[in-house]
Each structure stands twice: as C-alpha cells, then as structure tokens.
Amino acid sequence: MTRTYITTTLPYVNARPHLGFGLELVQADVLARHRRLRGDEVRLQTGTDDNALKNVLAAEAAGVGVREFVDRNAEAFVALAGTLGVAADDVIRTSRDPRHRAGVERLWRACAASGDLYRRHYEGLYCVGCERFYAEEELREGRCPEHGTRPGLVAEENWFFRLSRYGERLRELIETGRLRIEPAERRNEVLGFIAGGLEDLSVSRSQARARGWGIPVPDDPDQVVYVWWDALGNYVTALDFGTDGEAYERWWTGSDRRLHLLGKDVLRFHAVYWPAMLLSAGLPLPTEIYAHGHLTVANRKISKSAGTGVDPEALVAAYGVDPVRWWLLREVPRSGDADFTVDRLIARTNDELVNGVGNLISRVTAMVAKYRDGRVPETPADAPALEAACRQTPDLVDAALADLDFRRATAAVWAIVDAANRHIDETRPWALARRGAPAATALDATLAALVRACRTLARELTPFLPTTATAIAHRLTPASDGRLRPQGHLFRRLSPAQPASEAAPV
RNA sequence: GGGGCGGUAGCUCAGCCGGUCAGAGCAGCGGACUCAUAAUCCGUAGGUCGUGGGUUCAAGUCCCACCCGCCCUACCA
C-alpha cells in the first residue's frame with residue numbers, strides 16, 4: 001500500500017475565489033479520491049494564504065480590518081472546496097492556525113542553523129501584487145509587467161536566504177527525476193531558470209512595510225517572514241512540523257508520494273525556492289510537482305484583481321456540482337490553458353452526462369423495472385465486449401492519472417458507457433421480452449450484465465463525479481423488497497435560456 | 001536577443017522512437033431502433049497535417065528558415 005500526500009496551493013485571499021482555483025481543487029480531489037478508491041492511504045490538504053501584503057492592501061481599500069477581511073474571504077475559499085465536493089482532509093489558514101506559526105518558526109530556525117540566513121541591506125523596486133522585487137530592466141515603462149502597477153522603492157535591511165548554494169543539487173534532483181516536474185515544458189523551464197544561476201532570496205520584510213501583518217521572524221521581531229516562505233511552509237506546518245507531531249512523520253517523511261498541485265504562475269516558488277528551503281532545513285523534498293495551466297473565460301484572462309472570471313459558486317448553483325467538475329476534468333488539457341464558456345459547459349453536460357450516463361442508467365433501470373418487475377437477475381453474462389471495457393477501464397484510469405492526464409482518465413471511463421449502450425443495441429432486450437419464455441434467459445443475462453457494468457461505471461466514476469456515482473449506486477441497489485425503486489432523472493438537460501438550479505443531480 | 005511550447009477535418013483535440021497516421025469526440029448529413037431524458041446504435045469527414053525548403057526508398061512524425069499565438073528568460077558576441 002502506498003501513502004500519498006496531496007496538496008493544493010494556498011490562494012491569497014484578497015478577493016473571492018474564481019473558477020481557476022476550482023480547477024486545482026477538483027484535480028487534487030480526483031487524485032485523492034482515486035488513490036483512496038484503489039486502497040491507498042491518502043491525505044489531501046488545502047487552505048488559504050492569509051499573510052500576503054496584498055491582503056492587507058485589499059482590506060484597506062475595502063475599509064475593513066485585515067482580520068475581518070481575511071477571515072471573510074478565507075471562508076469563501078474554504079466553502080468553495082465544499083461546494084465543489086472536494087473531500088479535503090485538512091484545511092490550513094496561515095494567519096489563524098497555531099500549527100502554522102510554530103512550523104514556520106521551526107523551518108526558519110532549521111535554515112538558520114544551516115547558515116543559510118543572513119541580514120543584508122537591500123534596495124529595490126517592489127511589486128506588492130507579485131510580492132517580489134523587480135530590476136529596473138524587468139519593468140515595462142516603469143510598470144510591473146504582471147500587474148501594470150508602479151512598484152514602490154523599498155530600502156531596508158532584510159533577511160536573505162542562500163538560494164545560490166542549492167542550484168546544483170536542485171538541478172540534479174530534477175534531472176534524475178527524484179523531483180518530478182510535470183508537464184515536461186515546465187520542468188525545462190525550471191531547469192533553464194536554475195541554469196541561469198540562482199541568486200540569494202530576500203525572505204523577510206520590515207514589520208512596518210508588512211503593516212504588522214504576518215509571522216514575525218524568530219528572534220527578530222522587527223521583521224516579518226516573507227509571505228512566500230510562510231505560505232510554502234504550510235505543506236509541512238499543517239503536518240504539525242512545528243511541534244514534531246506524528247502527522248509529519250506519517251505524511252511527509254513517511255509518505256511514498258508528496259504531490260504538490262499548483263498553477264504555472266507559481267512554478268518557480270514550488271520547484272526552486274521550496275525545495276531549496278527543504279534542502280537547507282534537511283527535510284525530504286516533494287516527489288512530484290504538477291503545474292496546471294490557466295483558465296480563460298470567453299478568451300479573457302481571469303483575474304481576481306480585475307474582477308473578470310466566473311463565480312464557481314454561482315456556476316455550481318446554476319448547473320450542479322458534477323457538470324462543473326466534469327467540464328474542468330474533461331476539457332482542460334494536461335498541459336496548456338483552456339477556455340471556459342457556459343455554452344461549452346452546457347454542451348458537455350448534455351452530450352455526456354445527460355445523454356450518456358443519465359440516459360444509460362435511466363434505460364437500464366427502466367428495463368429492469370419493466371421486464372423483471374424491478375428485480376435484477378443474477379444470470380451469468382454473455383457480454384464479452386462490455387466486460388472487457390469494464391475490466392480494462394481501471395487500468396487505463398490508473399495510467400492516465402499517474403500521468404496527471406485528467407482528460408485521458410475521463411475518456412477511459414467513458415468506454416464503459418459506450419460499451420453498455422452498444423450492448424443494449426446489440427442484444428435488443430425489448431425484442432427478447434416480446435419473445436417471452438424462450439428468450440427469458442437471454443434477457444436475464446443482458447440485464448444482469450448491464451447492471452453489473454453500471455455498478456462498475458459508478459465505481460470508476462467516483463473520483464470524478466462523486467455525487468453522481470453515489471446516486472447511480474443507490475439506484476442500482478435493491479430496496480428491502482428486493483426491487484430497484486423507480487427514480488427521477490440523474491441529470492436534467494441544460495439549456496442556455498433556462499440554466500436554473502433544478503439542473504442539480506438528484 | 002536567447003530558449004520552450006503550440007499552429008492537424010466547422011469546433012475541441014489524439015497522433016511516442018519516421019513507413020495502415022491522415023484519426024477521435026462534438027456539430028452536420030443519411031439510415032436503424034424504441035428500453036430510455038427526441039435519448040441510443042450504425043454509416044458518412046475527402047482536411048495543402050501554419051508557410052517554404054531539405055534529408056530519406058518513405059515525413060504531421062527528422063533538419064533549416066520563416067509566419068502566427070502563448071510562455072520562460074535575458075538585454076547587447
């Protein structure tokens with residue numbers, strides 16, 4: 001049995017969550033549920049990054065206290081995980097969780113003990129949006145290339161981390177695959193960055209510039225720990241690293257896979273800074289890093305700051321959890337960006353969930369009710385193609401998800417739906433029913449095979465569409481009288497004109 | 001400027017080390033069927049595989065140049 005620790009990034013909570021973060025949550029959830037289904041020990045963790053300076057600025061802009069502002073937004077992020085059906089084992093809040101501060105302090109001291117932290121005067125242009133310094137040449141007409149804002153001149157003495165010491169070791173770890181970075185383009189990107197030479201990194205801010213928000217540097221209360229140091233640390237602080245808890249031994253040191261999911265925009269922090277911090281502290285590294293692409297909405301970049309994007313909560317309320325999950329898993333490529341539109345969501349839902357699974361379950365249960373009074377026959381099946389699909393699907397799903405290819409994985413599950421529909425057409429149960437007694441065994445065999453296949457389908461669908469999978473299993477479970485009970489539609493057909501909340505699965 | 005990744009049927013995309021690789025799904029068209037949510041099943045795609053060269057008996061599949069898009073990185077060789 002393998003033990004897997006999966007994390008999402010901690011989004012900074014300067015605004016409400018958008019669909020892009022939903023993508024990461026759902027991907028992480030699928031991986032976690034999949035491994036659990038296969039019998040592995042899994043821990044899935046998410047949370048919020050509360051300590052970013054831009055949270056402070058956003059709070060000031062909103063005229064709200066930082067504490068209140070951060071708490072409010074953080075709740076929305078935590079709620080989103082629930083809305084999307086994400087079964088997280090743990091949620092950490094970096095500004096509130098007592099585990100976190102203790103862990104960050106311990107991590108800091110460990111690096112200090114390695115001689116990797118030192119004070120240095122620094123002067124530079126700082127973009128709060130990026131939470132990083134920029135060189136003059138990196139700017140576009142004096143503005144941050146990411147945010148279009150003018151970075152402020154900052155001059156102060158900060159703590160620096162000797163990142164420069166770790167380039168060679170990181171390169172080797174990545175090249176040998178001990179630290180796997182996917183997709184390959186991202187891995188190349190990281191290697192390229194490392195090859196360009198690593199410079200020491202500023203890892204603290206003055207208390208004044210941080211507006212007193214954040215985690216104080218151990219033994220230097222005038223400084224606040226750089227928010228990225230703080231945020232990255234969550235992957236171990238949530239495991240009680242600070243208090244040397246058993247969760248740390250179990251899930252970090254003792255796990256077979258330590259997988260970080262993140263957006264391509266924060267790749268460097270996860271693939272360079274974080275592993276370097278761990279090397280310095282003498283801790284094991286993550287084993288895998290998967291950087292997903294970004295979502296656009298109707299070909300426009302999603303931005304919390306700019307307010308473009310769609311509200312995942314509203315989307316789920318209007319169309320249902322599983323349609324939204326299905327879209328995210330089915331249409332977002334393993335590598336590269338994807339464009340979301342409501343039309344695509346609707347088309348995908350109607351084509352596959354409604355006409356595909358929904359209709360299949362509906363026709364199978366209807367036939368069992370109609371021809372066998374709701375009793376599922378136990379007759380041995382004679383459905384080689386259908387059985388082959390059911391047998392092969394799990395392996396194909398496993399392989400696809402090992403490659404972090406959610407599209408391929410969902411396509412693999414679909415083989416069962418297709419094979420089942422084809423089997424119905426080939427055996428023509430309605431014709432068998434008309435022939436009566438002489439064809440009774442054949443009809444029983446067909447129905448039995450179909451119900452069995454649908455049960456397998458439900459099982460394999462579990463990681464992707466947990467709500468639907470449960471509903472299917474329920475429909476295929478006989479009531480106390482030994483009969484399947486007739487129930488309504490699994491999915492309602494969506495229409496652009498009338499999205500409405502009734503679209504949610506029963 | 002350097003580097004990376006894309007540009008394949010209307011749409012979304014598969015095509016690893018060159019030789020059934022010219023494909024899948026959706027849309028469209030034709031047909032079948034009626035158990036089912038006008039669902040399902042079968043047939044149908046003649047697309048210069050971004051452009052132009054080159055290597056090879058053979059190239060979306062390798063090489064070069066160029067165009068377009070995105071990304072990383074950097075400025076001068």
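So that the names make sense, note that chain A is the first sequence line, chain B the second, and so on, each numbered from 1.
The listed nucleotides are B:rC35, B:rU34, B:rC71; the one nearest the side chain of A:R428 is B:rU34. For A:V354, the side-chain atoms get nearest to B:rU37 when compared with the rest of B:rA39, B:rU37, B:rC35. In the set B:rG4, B:rU12, B:rA36, B:rG4 carries the atom at the smallest distance from any side-chain atom of A:E185. Among B:rC72, B:rA39, B:rC35, the nucleotide with an atom closest to any side-chain atom of A:R493 is B:rA39. Of the candidate nucleotides B:rC5, B:rA39, B:rA36, B:rA39 has the atom nearest to the side chain of A:N355. For A:R407, the listed nucleotide lying nearest its side chain is B:rA14; candidates were B:rU37, B:rA14, B:rC71. Nearest to the side-chain atoms of A:N421 among the listed nucleotides B:rA14, B:rC35, B:rC41 stands B:rC41. Nearest nucleotide to the side chain of A:W430, out of B:rC71, B:rU37, B:rC35: B:rC35.
Remark: P of B:rC13 and CZ of A:F406 are 17 Å apart, rounded to the nearest angstrom. Distance A:W327 CH2 to B:rU12 C1': 11 Å, rounded to the nearest Å. Atoms CZ (A:R334) and P (B:rC5) sit 14 Å apart, rounded to a whole Å. Atom CG of A:L345 is separated from atom P of B:rC11 by 21 Å (rounded to the nearest Å). The interatomic distance linking A:L490 (CG) with B:rU40 (P) rounds to 15 Å, in whole Å. Across the protein-nucleic acid pair, A:D425 atom CG and B:rA39 atom C1' stand 12 Å apart, rounded to whole Å. The CG-C1' distance, from A:D339 to B:rU12, rounds to 11 Å in whole Å. Across the protein-nucleic acid pair, A:E189 atom CD and B:rC70 atom C1' stand 11 Å apart, rounded to whole Å.
Of all non-hydrogen atoms in A:G85 and A:R33, the two that sit nearest each other are O-NH2, 2.7 Å. Between A:A15 and A:F77 the shortest heavy-atom distance is O-CE1, 3.0 Å. Contact detail for A:L262 and A:I289: the closest heavy-atom pair is CD1-CG2, 3.6 Å.
Between A:Y319 and A:W327, a ring centre-to-centre spacing not shorter than 6.0 Å is recorded.
Pairing for B:rC33 is absent, judged as Watson-Crick or G-U wobble with the two contacts each under 3.5 Å. The partner of B:rC26, taking Watson-Crick or G-U wobble pairs whose two distances both stay under 3.5 Å, is B:rG10. Base pairing of B:rG18 is not made with any nucleotide, judged by Watson-Crick or G-U wobble geometry with both donor-acceptor distances under 3.5 Å. Shown here, B:rG69 forms a base pair with B:rC5; the pair counts as Watson-Crick or G-U wobble because both key distances fall under 3.5 Å.
A salt bridge between A:E172 and A:R169 is absent, with no side-chain N of the basic residue lying under 4.0 Å from a carboxylate O of the acidic one. Of the charged side-chain nitrogens involved, at least one lies within less than 4.0 Å of a carboxylate oxygen, so that A:E182 and A:R334 count as a salt-bridged pair. Between A:E460 and A:R391 no salt bridge is recorded (no basic side-chain N to carboxylate O distance below 4.0 Å). Of the charged side-chain nitrogens involved, at least one lies within less than 4.0 Å of a carboxylate oxygen, so that A:R408 and A:D403 count as a salt-bridged pair.
Two residues, A:R344 and A:V357, neighbour RNA chain B, and the one matched to the more 5' nucleotide by heavy-atom proximity is A:R344. The 5' end of RNA chain B is approached more closely, in terms of each residue's nearest nucleotide, by A:R363 than by the other of A:R363 and A:K264.
As rounded to the nearest Å, B:rU12 and B:rG6 have C1' atoms that lie 15 Å from one another. To the nearest whole angstrom, the two P atoms, one in B:rC42 and one in B:rG47, are 25 Å apart. B:rG30 and B:rG46 are spaced 15 Å apart, taking the P atom of each and rounding to whole Å. B:rG25 and B:rA14 have their P atoms separated by 16 Å, given to the nearest Å. One P atom belongs to B:rC67, the other to B:rC76, and the distance between them is 23 Å to the nearest Å. Of the P atoms belonging to B:rA58 and B:rU20, the separation is 15 Å, rounded to the nearest Å. Between the C1' atoms of B:rU51 and B:rA74, the separation comes to 29 Å (whole Å). With both ends at atom P, the span from B:rA9 to B:rG18 equals 24 Å, rounded to whole Å.
At a threshold of 4.0 angstrom between heavy atoms, the contacts of A:G196 with the nucleic acid are absent. When heavy atoms are screened at a 4.0 angstrom cut-off, A:R434 is found touching the sugar-phosphate backbone but no base atom. Nucleic acid contact class of A:R348 (heavy atoms, under 4.0 Å, all strands): none. When heavy atoms are screened at a 4.0 angstrom cut-off, A:D351 is found touching the sugar-phosphate backbone but no base atom. Nucleic acid contact class of A:R408 (heavy atoms, under 4.0 Å, all strands): none.
A glycosidic torsion no more than 90° from 0 defines the syn conformation, and B:rG60 adopts it.
Contact annotation: A:R422 reaches the phosphate of B:rC42 (side-chain N/O to OP1 or OP2, under 4.0 Å). A sub-4.0 Å separation between OP1 or OP2 of B:rG25 and a side-chain N or O of A:R330 is absent. In terms of phosphate contacts, A:K370 brings a side-chain nitrogen or oxygen within less than 4.0 Å of OP1 or OP2 of B:rA36.
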